[in-house]
Amino acid sequence: ANPEGGGSSGTGSGGQQTASAASGPTCTIEQYGATKVDFKNAVVGFSQSEAEANPFRITETQSITDEAQKQGVQLLKRNANSNLGQQVSDIQGLLAQGANLLVVAPLNSEGLQPALDAARAKHVPVVTIDRKLSSATPCKDYLTFIGSDFVEQGKRAAAQLVKATGGTGKVAILLGATGNNVTTDRTSGFKDYLAAQGKGLTVVAEQTGEFTREKGQSVTEQLLQAHPEITAVYAENDEMALGAVTAISGSGRKPGKDVKVVSVDGTRNAVQGIVDGTINGVVESNPRFGPLAMSTLRDFLSGKGIPNTVTIKDKEYDPGNAAAEVAGAY
Amino acid sequence: MRLDRLNLRDHGVYLALVLLVLVNLVITPNFLTADNIRTQLVQMVPVLVVALGMALVIGTEGIDLSVGSVMAIAAALLPLYLGYGALPAIGICLVAGAAAGLLSGSLVTFAGVQPIVATLALLVGGRGLALVIADGQLKQIRNQQLLDLGSGSVLGVPLTVFVAAVLVVLVALLVGKTTFGRQLVAVGGNRKAAEFAGLPVRRVLLVVYLLSGLLAAGAGVLATARLTASDPSSVGLLVELSAITAVVVGGTPLTGGRVRVIGTVAGALLMQLIAATLIKHDVPASVTQMLEAVIIASAVLLQREGTGLRLRRQEAR
Amino acid sequence: MIAGIVRRHGALAVLAVLLVVGGLSFSTFLTPYNLSNLAVQATFLAVVALGMTLVIVSGGIDLSVGSTFALAGVLAAYGSRWGLLVALLLPLAVSALIGLVQGALIARWRMAPFIVTLCGLLFARGLLQLLTKEGSTTYLVPQDSALRWLGQGAVLVVLAVLGYLAGGVLLQRTGFGMRLFAVGGNEDAASLMGLPVARTKVSVYVLSGLLAGLAGVMSTAQLGSGVTVVGVGLELNAIAAVVIGGTMLTGGAGAVSGTLAGVALLAVIQELINQVGRFNSSMQAVVSGAVLIVVVVLQTLLSRARR
Amino acid sequence: MSNIVLEAVGVDKHFAGVHALRGVDFTLRAGQVHALVGENGAGKSTLIKVLTGVHQPDGGQLRLFGDAVSFGSPAQAQQAGISTVYQEVNLVPQLSVAQNLFLGREPRNRLRLLDFAALYRQAGQLLGELGIPIDPRRPLTSYGLGVQQMVAVARSVGAEAKVVIMDEPSSSLEPREVETLFEVIRKLHERDVAVVYVSHRMEELYRICDSVTVLRDGQVVHSGQMAEIGRLELVATMLGRELTNVRTVFSGEHDSRSGTALRAVGLRRRTVLDGVDLDVAPGEVLGLAGLLGSGRTETLKALVGLQPLDSGEIQVDSTTVRTGSVSSAIRAGLVLVPEDRKAEGIIPHLSVRENIVLAALPRLSVAGIVSKRRQRELVDTFMRRLRIKAASQEQRVSELSGGNQQKVMLARWLAMSPKVLLLDEPTRGIDVGAKAEVQALVDELADQGLGIVLVSSDLEEVVEGADRVVVLREGASVAELTGDQVSVDSVLAVIAHEA
Ligand SMILES: Nc1ncnc2c1ncn2[C@@H]1O[C@H](COP(=O)(O)OP(=O)(O)OP(=O)(O)O)[C@@H](O)[C@H]1O
Ligand SMILES: Nc1ncnc2c1ncn2[C@@H]1O[C@H](COP(=O)(O)OP(=O)(O)OP(=O)(O)O)[C@@H](O)[C@H]1O
Ligand SMILES: [Mg+2]
Ligand SMILES: [Mg+2]
């Protein structure tokens, strides 16, 4: 999965992405060396990394599709279904089909080089979304990255947990899928924050819940028995948090009270959990990339300088705002 | 069981199981608590139920890779029909599972497609179908009867465990006491000879795959009830591998001709305990996988066939 | 013999039909650019499926190839900092070792190939995660490494073609190939005929490991980094390609040319589904599953009818 | 006396629950053709497997040219110059005849690659020398069991061997092929090769063997020159019984009743059957004769629905049976004991009991639940009646000797109380004692009113057992012999007419 599996109910309408103020170097069409096309007549290729089988991916693809329609540009879509080789082939296939602008949601932060080279050879600009390519260079291998800062998400979740627990307790971490840099970043951000400002919280276990509710539930059940002293759970996505909530109540404890729960995503089910008092805080990871991605491409074609990274401002849900915000969650 | 049959080949899995329990008694806190035992049993239910069907299929020298996707189809269908009540909805899921099994069975028996590929196609397509049915969405279950099935218990025994136990008894009876069961192992032992003996080979194969689909759908319902949500994107992912492992570790050979039902239960329990032990001791995922590999291999090694020439299955056609 | 040829042609016939239909339906399908992209992307599966063919002919199966592929890829990237030789030898040695251990367990200790290689799948994947700190580290191939030269499309395709030529000769023209058929066809008889059954079986798993490893190295050379998330489910694709190519899973029959046709068929089906473009990812899976069923049924009936 | 080639001294071999060889001494000299005889389960095959490295002895010693040896695998024995034809055909069915002949020693070209031209040439030559007119390029499966057996013989002869061991090589062979086989053995004898020959056919032993070793219950009970022991005495030594108790032939005529038990008209199937007509009266034994590949087995399979037919009609007791359906044949009381018991008969994993009750299961069960008690009773009856030698009802059938497996097959079908019994090589691999028992059983069943069709490559058996003989040629019934015409000579004459 990911960035990750999410809650249940449809793609909420609210919550448009907004970029935080950009700074640093920018990239223009001359610098990049892309072919100039008229945005209205452009063919946009979108390479999705994973099956649209969770709210994040569903919302992401939907948002891009909707925005392309709104802007009146032709959109070609392909889905690599979690297969990296397939994504390389997908991107080349989109180029073969005549795409002259690309939006790519990379499956992995490494390994798309051959596809990026192919796009460069055809002078097609590539906007990457939701996951950053680590060793590729913006304005050279790709145009820019639009997305959240996963390390920051981990830190904010830690901050929420410190607030909810009063800064002391034993924490279990439900990790995301292994080998996924979302997992790595959300873990390191979380741990960094605890090391700096949450020394009273100790991590007693970190086990993967593979971003699924079922694994989140069964792993939490095992951990609660092995470590009855656990008072807090940090889940790296909402689905695992919801699984943990079921496990906690199954063990006779009160989720949100006896055992505090925070997670990352901002799906509607999780935000509803805050309203119900079973979850203590959720950091948003906004999947509605369409408008921002399209406007970036349009600006680029019209000659504006595009910042190397467009970091989006993610919301945060807590008992204070959950009831008001739940309708806008995805 | 006759004395001269008591050998390691039949009992390797029990030995491994006892060893693992002993180790846990020493190193794992709160291991021998009712809560923990319940947790382990509840968690192994879906794999066990799938493994029962898998054992039958493997007994005929076949294999069913589609079980995880069938679980997903059942999970996807369940919330759609809960409006008619829990029982009718479950019934529909089971019918769908049986139909999926019938499809693999027909491919294997009538079209002569090799089981691993026939069911591989269903593994790929089935989950897609489940997601199409569910529109890619996870759905919260609110039907109280179904939730009770997932979390209720009688006399301290969780309902799902109770259901699984009944299924184990039924399948054991089917294999051991019925004409069908005996015909099944004959088909797996030497299909050509079974044909010569006038056994209804095709019917046996069809029914076996049908039962596997049915049981997989049942596992999908049980898993959904426990999760309190229908999650077609992840329910039953890779369950086929766990189930095959449980069956083989339990002493049913992949070459067919023999079905060990109780061994399969022990195999599933062994797999569950391995996973639980490693989680409880916070072993990282990398080491977990490597240890699992080593433990499974050792358990199977304990019960491998003796040396000397093996009487190999005859060619199928 | 004749049945074998017909079986091989089964996949080829379906492939030809799809190519024609695809070419007529989509102007961007039969372009040299698109076809060469497809060919390059298919090389990895092709090389893995080559090894799988040999294993299946010998009556076994190898589920570990996907993990070995990924592990070898990571090792190649890791080793590339010490030059091309290490980048090649380290992963190939480890893959061969994995094959050797599996082969020994299967041939000498008489364990079921399915289970042994399933354990291999888990073990190699675990090892990979251990080496990459639970997948958080990705080793990069240095920009100036000769390994990157290996990753050019043309080189990859040539490598795969050479592999298939060698595989074809090995299977059809050498004593080793005959032994594979004999062991797969009737293991007891092969043993009573005095053939070195155990040695043959061990060799075939070593070969399969080596080829999976080679494919992993090729992939890393192309991607420029040792990606940790590759190879999941690759074994199933390889098995599907082999079977579509007309090789019987019961062992004792098969040909590498059929496997190549099977690989090509899988790639073309995927590309056609993509070109249609109308399906979301769930529907794509449904369509692939259905097409797979149609293809294997056609292939099975075709080979049976003419036998 | 010529020098000793191979020697076993005090060899012991245990299996779970069976002491198969007890202190066996066995001496084989160069140029000797040595008969190894004994009842089913006496230990002949086990001794051979010990001599050739398939099994390791638990005690005792093997010597090759006087040096102690131990073979860890069949390959080692072969390298030492011991070449073997094992009891059940052990070849690779999917490979071509030529590949089977030369597996492991294929001709190579300069590049060390297989030289197929040479392979087929040499195979054709070898087969030609042995008078086996088959196409070396075709897969072995396309030939019947008899041909496969000849291929196995050809393979063993082709190797440069000092010892050739043949475990029942003639059990599916026609008189003509048996002659070819003997010709081969004579050539080996001339080359000073030592031959071990296992057979249950007495006349063969006396024709070509010069010395004999008799095994009984895993022990050597006699060893000496063939000329020094009479035929009946040899049989008595094997069985450990008084001569008077040994009966070796059918009783002859049966009083067949009026009516027809089985009538088959115009059986046709593309390329294999071309018009077979048969009818069998209740209480009658009908023999089917013909050359190897003349379609006898195909006819029997077609009768019980194992082969779909293009045309033809089959009636049992005047009611028509649906062709191509095994279950309707069985329901009508028409059953077949197949010739290839390893591939088509036994279910190796299962016990003797389960193998016997297999077809009768539905009749032993109520509402699909089988009664173990009724199974035991039934199996007990047949094990006693057919004198099946097994450790218990629960022993795995694959552990029984060949002859006892054959009896298990018979028991499976007799348990169905059939109306018409089709027997394809029913005494294949059965010892003289058991053969007599089976033959007596056939007589008895006929007397009880069963219609029986008997196919046997042992022409004498057909002639003695059958009341009437139908001769097949190229898939068609071409002649019928009745009464006094039923004699070996006249049947041979009709068959030979074709050639
Ligand atoms: N693998 C085995 N496991 C257990 N028992 C065995 C095994 N092989 C042979 N036996 C037993 O050893 C004894 C000797 O068997 P063997 O096959 O040598 O007899 P045989 O003389 O060749 O008989 P036949 O004439 O029927 O071929 C039999 O009682 C048989 O049941
Ligand atoms: N020269 C040959 N000798 C023997 N069999 C041959 C020969 N040529 C072809 N065959 C094939 O062998 C097959 C054996 O047929 P079938 O078994 O019905 O014959 P059979 O009379 O029962 O002989 P067998 O003694 O081999 O059982 C036939 O299908 C035939 O095509
Ligand atoms: Mg024998
Ligand atoms: Mg015959």
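Predicted model only: the values in this text are computed from it and were never measured. Chain letters run A, B, ... following the sequence lines, proteins first, then strands; residues in each count from 1.
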*Take C/L118 and B/I296, measure what side chain to side chain contact (heavy atoms under 4.5 Å, CB included) needs, and give me the verdict at the end.*
CA-CA 9 Å; C/L118 180 59; B/I296 295 168; 6.0 Å; no

Measuring from [X]:[atom1] to [Y]:[atom2], what's the distance to the nearest 0.5 Å?
X: C/L122; Y: B/L241; atom1: CG; atom2: CG; answer: 8.0 Å
X: B/I116; Y: C/I239; atom1: CD1; atom2: CD1; answer: 4.5 Å
X: B/I133; Y: C/S282; atom1: CD1; atom2: OG; answer: 10.5 Å
X: B/L131; Y: C/N280; atom1: CG; atom2: CG; answer: 8.5 Å

Can you name the closest pair of heavy atoms from [X] and [Y] and give their distance?
X: B/S286; Y: C/Q129; answer: CB-CB, 3.5 Å
X: C/L236; Y: B/L120; answer: O-CD2, 3.6 Å
X: C/T250; Y: B/Q114; answer: N-OE1, 4.1 Å
X: B/A121; Y: C/L292; answer: CA-CD2, 3.7 Å
X: B/M290; Y: C/L130; answer: SD-CD2, 4.3 Å
X: C/G289; Y: B/V124; answer: N-CG1, 4.1 Å

*Under a 4.5 Å heavy-atom cutoff, which of C/A112, C/A285, C/S288, C/G126 has the most pairs with chain B?*
C/G126

_Top of C/Q284, C/E134, C/M283 for chain B proximity - count of heavy-atom pairs under 4.5 angstrom_ = C/E134

_Report which part of C/L131 has an atom under 4.5 Å of a heavy atom belonging to chain B: side chain, backbone, both, or neither._
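For C/L131, neither part sits under 4.5 Å from chain B.
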
*Non-hydrogen atoms of chain B under 4.5 Å away: do they reach the side chain of C/V243, the backbone, both or neither?*
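Side chain of C/V243 only, per the 4.5 Å heavy-atom cut-off to chain B.
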
Side chain, backbone, both or neither: which part of [X] has a non-hydrogen atom closer than 4.5 Å to chain C?
X: B/L65; value: side chain
X: B/L254; value: side chain
X: B/L107; value: side chain
X: B/V132; value: both
X: B/V249; value: neither
X: B/L123; value: side chain

*Looking at B/V287, B/I244, B/T245, which one has more heavy-atom pairs under 4.5 Å with chain C than the rest?*
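Sorted descending by pairs with chain C, the first entry is B/I244.
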
*Is it true that atom OH of C/Y78 has more than 12 heavy atoms of other residues, nucleotides or ligands lying nearer than 6.0 Å?*
no

